[in-house]
2 protein chains.
Amino acid sequence: MSETNHRYSAHVEPSFTPKNVIKSLSIDNLIFGLDHGKLDILLVKHKVGLSKGQWALPGGFIRHDENLRDAASRHLHELTGVTDLYLEQLKTFGRVDRFPSERVITVAYYALVSAEDYKLVAGNNASDACWFGIHELPELIFDHKEIVDFGIQHLQQQVRRRPIGFNLLPEKFTLLQLQELYEGILDTKLDKPNFRRKIMKMNLLTSCEEKQTGVAHRAAKLYRFDEQAYQALTEKGFSFEI
Amino acid sequence: MSETNHRYSAHVEPSFTPKNVIKSLSIDNLIFGLDHGKLDILLVKHKVGLSKGQWALPGGFIRHDENLRDAASRHLHELTGVTDLYLEQLKTFGRVDRFPSERVITVAYYALVSAEDYKLVAGNNASDACWFGIHELPELIFDHKEIVDFGIQHLQQQVRRRPIGFNLLPEKFTLLQLQELYEGILDTKLDKPNFRRKIMKMNLLTSCEEKQTGVAHRAAKLYRFDEQAYQALTEKGFSFEI
DNA sequence: TCAAAAGTGTTTGTTATACACCCATGT
DNA sequence: ACATGGGTGTATAACAAACACTTTTGA
């Protein structure tokens, strides 16, 4: 893990730049997680370099023989151990003065990490990787705050149009968990009966024929997201709207 | 104009690469225009280099002291003479093998060119710049076809959610022109009465208190898009949906 | 007077919203 | 028994879709 941070920090001090990577171009990952209905972002703390001690988005350089998404994936994997994520390009940030001393343009990717993986990341031996609530972010390096702000806005838009939010939940979830997820991301309150109906009418959830356990109230049914049904519907021009 | 093409073609043969630009990173512009309800794209023909004689998106390299959008803007201006456009980042394309012989990643921007500017471009002395209907595109260089396909899809999504389509029309336009624009982009037929009502209810159009002239039927009222009303509405959380 | 597009009205079915209500379960 | 969330029902209003209709104008 320290190797990863070394590699990233390298990107602050050119002398640390690993070989076989593209100059002037980096990757930064915006990783969202969900903690009890609160939206979090994963940050790392730089260990060396000019920006030592400062928080930043996890990222790094791109190898010459590596596709952009693969680079994003690799950096994410090296840091968190998580693979097979919903990982999408967000935007490329290239302000002339965004990086000190030399021109570096960064391609930002974003990912949504499920509740299980959320714990995995937190329990990782990368003691300098940490989740922060989006309303309690520390000072960030470079233009990373700008990337975060853009990403949150983007997520709020995307989550209304595509069922990507499910990636933030465990495999089996209740309808209330799903509702709280949407409330957390969109920062609003939703009407329970109406939300349930809207979701159920889409036929995107499969009942697990199971119920919650260990709760001090009537146990809710557990559902799982039906990827195939979604694929089938999108091919028919289906539009997902919350 | 030949200078522009020289500059762009440079991007094919590294030996032509101008000084003071970033290596391994280029800009490509996807420029949409409207011709009688038909959606067009602006292409240029390379005059020198490996890809001589082939059609490509107008683009080029980024100067070290130049922001990304400024670079996109500059290349567009140099080629078409058009300024002050709706010009947005589309996506960054970076497949390892997208460019022959060396690694070049490109940031794609897109713009919508109004009917007036459309003529301006066509009448320009850049004899190797030409509009093509999106269904009649020639073979394109590198991964430019991929960029075009992505851009068309993106435009179809964006145009439904934000009133960017107005950029493709002249300043004063009729409701039928607007409807034909949407039909052209979305590749569907829309119901006239319903379309009119939907648009008018948004209060985004100002009447010019003027009518069409020179038409062989009842003259339609001319409208203009009210930018201020749109700004005011978006701040209130207004959502534009066609 | 006819074609062509401008522009209005109305009917019908669907969907959104708000809110009242009953159900199940652990403490 | 009661608090807590699970889950259903329904009245109302807003909206979308389809389509019939009247108006204006140049040729």
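Quick note on labels: first sequence line is chain A, next is B, and so on, each numbered from 1. Computed from a prediction, not measured in an experiment: that's the story for all the values here.
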Practice problem: Check the surroundings of atom CD in A:Gln231: do more than 12 heavy atoms from other residues, nucleotides or ligands lie under 6.0 Å from it? | Solution: yes

Quiz item: When the distance from CZ of A:Phe173 to P of D:dG6 is rounded to whole Å, what number comes out?
Solution: 14 Å

Quiz item: Can you list the residues that meet the salt bridge (charged side-chain N to carboxylate O under 4.0 Å, His left out) rule with B:Lys201, with sequence neighbours excluded?
Solution: none

Practice problem: Looking at every strand, decide which applies to A:Leu175 at a 4.0 Å heavy-atom threshold: base, sugar-phosphate, or nothing. | Solution: nothing

Practice problem: Let me know the distance between CD of A:Gln212 and C1' of D:dG6, rounded to the nearest Å. | Solution: 9 Å

Quiz item: How many Å lie between NZ on B:Lys221 and C1' on C:dG7, as a whole number?
Solution: 9 Å

Quiz item: A:Pro193 side chain: which of D:dG7, D:dT8, D:dG5 is closest?
Solution: D:dT8

Practice problem: Taking the side chain as every heavy atom from C-beta outward, state whether A:Tyr110 and A:Gln158 have any atom pair closer than 4.5 Å. | Solution: yes

Practice problem: Could you check how far CD1 of A:Ile199 sits from P of D:dG7, rounded to whole Å? | Solution: 14 Å

Quiz item: Taking only residues at least two apart or on different chains, which pairs with a member in residues 158-180 of chain A satisfy ring-ring contact (aromatic ring centres under 6.0 Å, His included)?
Solution: A:Phe166-A:Phe173, A:Phe166-A:Phe225

Self-check item: Rounded distance in Å - CD (A:Glu241) to C1' (C:dA16)
Solution: 14 Å

Practice problem: Could you check whether A:Lys192 gets within reach of a base, just the sugar-phosphate, or nothing at all, counting any heavy atom under 4.0 Å? | Solution: base

Self-check item: Stacked cation flag B:Lys91 on B:Phe93, 6.0 angstrom / 45 deg
Solution: yes

Practice problem: State, yes or no, whether a side-chain contact exists between A:Arg161 and B:Gln157 at a heavy-atom distance under 4.5 Å. | Solution: no

Quiz item: Which residue lies toward the 5' end of DNA chain C, B:Gln177 or B:Arg197, if each is placed at its nearest nucleotide?
Solution: B:Gln177

Quiz item: Of all the nucleotides listed (C:dA5, D:dG6, C:dA18), which has the minimum atom distance to the side chain of B:His217?
Solution: C:dA5

Practice problem: Figure out the CG/C1' separation between A:Asp191 and D:dT10, and round it to whole Å. | Solution: 13 Å

Quiz prompt | 5′-ward residue of the pair B:Tyr223/A:Val215 relative to DNA chain C | solution = B:Tyr223

Quiz item: Please give, in whole Å, the distance from C:dA6 P to B:Lys211 NZ?
Solution: 11 Å

Self-check item: Spacing between B:Gln179 atom CD and C:dA6 atom C1', to the nearest angstrom
Solution: 12 Å

Practice problem: Could you tell me, to 10°, how much the axis swings from one end of the helix from C:dT1-D:dA27 to C:dT27-D:dA1 to the other, five pairs per end? | Solution: 10°

Quiz item: Among the nucleotides C:dA6, D:dA18, D:dC15, which one has an atom lying closest to any side-chain atom of B:Asn194?
Solution: D:dA18

Exercise. Tell me yes or no: between the side chains of A:Gln179 and A:Glu183, is some donor less than 3.5 Å from an acceptor?
Key: yes

Self-check item: Which nucleotide in C:dT8, D:dT23, D:dT8 has an atom nearest any side-chain atom of A:Arg196
Solution: D:dT8

Practice problem: State which of D:dA17, C:dA16, C:dG7 makes the closest approach to the side chain of A:Lys201. | Solution: C:dA16

